[in-house]
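These notes concern the structure reproduced below.
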Amino acid sequence: MSVAAVVLAAGASLRLGRAKQTLQLGGESLVERAVRVAQESGCAKVIVVVNPEAGFGPSLQQRGCEVVVNENSTEGLASSIRSGILVARRLEAKGAVVMTCDQPGVTPEHLRALAAEPTEMTGSAYAGRVGVPAYFPAVA
C-alpha cells in the first residue's frame, strides 16, 4: 500500500506528568507499538511526529521511521497533523492513516480496513464519535 502512517507522538502528557509515549506495555513503549502496528499494516512509510524534547526520535529512525520534530507542538494536535501530512505529501503518499500512540488496541487489520478504499476518508467509531485512527486520501 502506498499509504503513509502519521503517528502523533508530540503531546506533552501534562496530566500524566511524564511522556506517555514512553510508557511500557508488553515490553515495548506505546510509540514503539504504534510504529510496529503501522509497519505491520503495510504502510509504505511511517512518519512519527514528536516534540522538541522527545528523546526517543533516534530509536524510531533505527526502526525505519521518518521522524518529524514539531517545533509548534504546544499549539496542539492540529499542528502535529499538519507536520505529518506535509511529510506524507512530500513522500507522494496516496493517502495517510493518522493515528495516536496512546491507543494500544489498534491492530494492523484495523489500519488496513481504514485505507481499503483509497479515495474515501474514513475514521474509527467509538464512544458515539468518529476519530483517530483515520484515513485521509491525498488531494491533488
Side-chain angles (χ1 to χ4, degrees):
M1 121 172 49
S2 62
V3 169
V6 175
V7 179
L8 305 175
S13 305
L14 295 174
R15 288 176 293 175
L16 184 61
R18 66 185 193 110
K20 178 183 350 180
Q21 303 88 325
T22 62
L23 291 177
Q24 296 288 308
L25 179 66
E28 61 188 347
S29 70
L30 290 180
V31 71
E32 291 168 340
R33 184 184 192 297
V35 164
R36 178 179 56 77
V37 168
Q39 290 171 330
E40 289 176 1
S41 76
C43 286
K45 191 66 176 175
V46 178
I47 302 158
V48 184
V49 183
V50 301
N51 65 45
E53 290 81 38
F56 48 85
S59 69
L60 298 175
Q61 288 173 325
Q62 291 174 349
R63 293 174 177 258
C65 297
E66 178 98 14
V67 176
V68 178
V69 177
N70 178 6
E71 298 291 342
N72 300 312
S73 62
T74 57
E75 291 178 9
L77 195 59
S79 69
S80 289
I81 293 170
R82 274 192 307 274
S83 296
I85 293 297
L86 284 172
V87 173
R89 291 185 76 187
R90 181 176 50 81
L91 296 172
E92 299 180 359
K94 301 286 186 211
V97 173
V98 176
M99 58 189 293
T100 62
C101 65
D102 63 352
Q103 295 178 307
V106 172
T107 64
E109 295 78 20
H110 183 74
L111 298 182
R112 280 193 292 274
L114 286 171
E117 181 53 54
T119 61
E120 297 289 322
M121 185 179 352
T122 56
S124 301
Y126 47 88
R129 305 173 93 182
V130 176
V132 294
Y135 171 74
F136 299 91
V139 291

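Across M99, R129, H110, a single residue satisfies side chain to side chain contact (heavy atoms under 4.5 Å, CB included) together with S124, and that is H110.
Here the shortest heavy-atom pairing between G64 and K45 reads O-NZ, 3.3 Å. The minimum heavy-atom distance between F56 and V50, with the atom names listed, is CE1-CG1, 3.5 Å. Here the closest heavy-atom approach between residue P58 and residue G55 is recorded as CD-O, 3.8 Å. A pairwise comparison of heavy atoms in E40 and R112 identifies O-NH1, 3.1 Å as the closest pair. Across every non-hydrogen atom of A88 and A96, the tightest pair is CB-CB, 4.4 Å. Contact detail for T119 and P137: the closest heavy-atom pair is O-CG, 3.7 Å.
The CG atom of L30 sits 6.0 Å away from the SG atom of C101 when rounded to the nearest 0.5 Å. How far CG of D102 is from CG of L8: 9.5 Å, rounded to the nearest 0.5 Å. From C65, atom SG reaches atom CG of L60 across 5.0 Å, with rounding to the nearest 0.5 Å. Note that CG of L77 is 10.0 Å distant from CZ of R82, once rounded to the nearest 0.5 Å. Separation of atoms CZ (F136) and CD1 (I81) is listed at 6.5 Å; rounding is to 0.5 Å. Rounding to the nearest 0.5 Å gives a distance of 9.5 Å between CG of N51 and CD of E71.
A side-chain donor-acceptor contact under 3.5 Å links Y135 to the backbone of P118. Listed for the Y126 side chain is a donor-acceptor partner under 3.5 Å among the backbone atoms of V132. Not a single donor-acceptor pair under 3.5 Å links the side chain of S80 to the backbone N or O of V49. Between the side chain of S79 and the backbone N or O of E75 there is no donor-acceptor pair closer than 3.5 Å.
Environment of CD in E28: crowded, with over 12 heavy atoms of neighbouring residues, nucleotides or ligands closer than 6.0 Å.
Both L91 and I85 sit in one connected hydrophobic cluster of ILVMFWY residues. Membership requires side-chain heavy atoms under 4.5 Å apart, directly or through other members. Note: the hydrophobic cluster containing V69 does not contain V87 (ILVMFWY, side chain heavy atoms under 4.5 Å, direct or indirect links). By the criterion of side-chain heavy atoms lying less than 4.5 angstrom apart, applied directly or through intervening Ile, Leu, Val, Met, Phe, Trp or Tyr residues, V48 is grouped together with V3 in one hydrophobic cluster. If you chain together hydrophobic residues whose side chains sit under 4.5 Å apart, V31 and L111 fall into the same group.
The shortest distance between side-chain heavy atoms of V46 and V7 falls below 4.5 Å. R33 is not listed as a side-chain neighbour of Q24, based on a closest heavy-atom distance of 4.5 Å or more. P133 is not listed as a side-chain neighbour of V98, based on a closest heavy-atom distance of 4.5 Å or more.
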Next item on the list: Show your reasoning for whether side-chain contact (heavy atoms from CB on, under 4.5 Å) applies to V68 and I47.
Entry: CA-CA 7 Å; V68 178; I47 302 158; 3.7 Å; yes
Next item on the list: List the steps and the verdict of side-chain contact (heavy atoms from CB on, under 4.5 Å) for V97 and V6.
Entry: CA-CA 6 Å; V97 173; V6 175; over 6 Å; no
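No hydrogens or angles considered: a donor-acceptor pair under 3.5 Å links the side chains of Q103 and T100. Looking at S59 and Q61, their side chains never bring a donor and an acceptor atom within 3.5 Å of each other.
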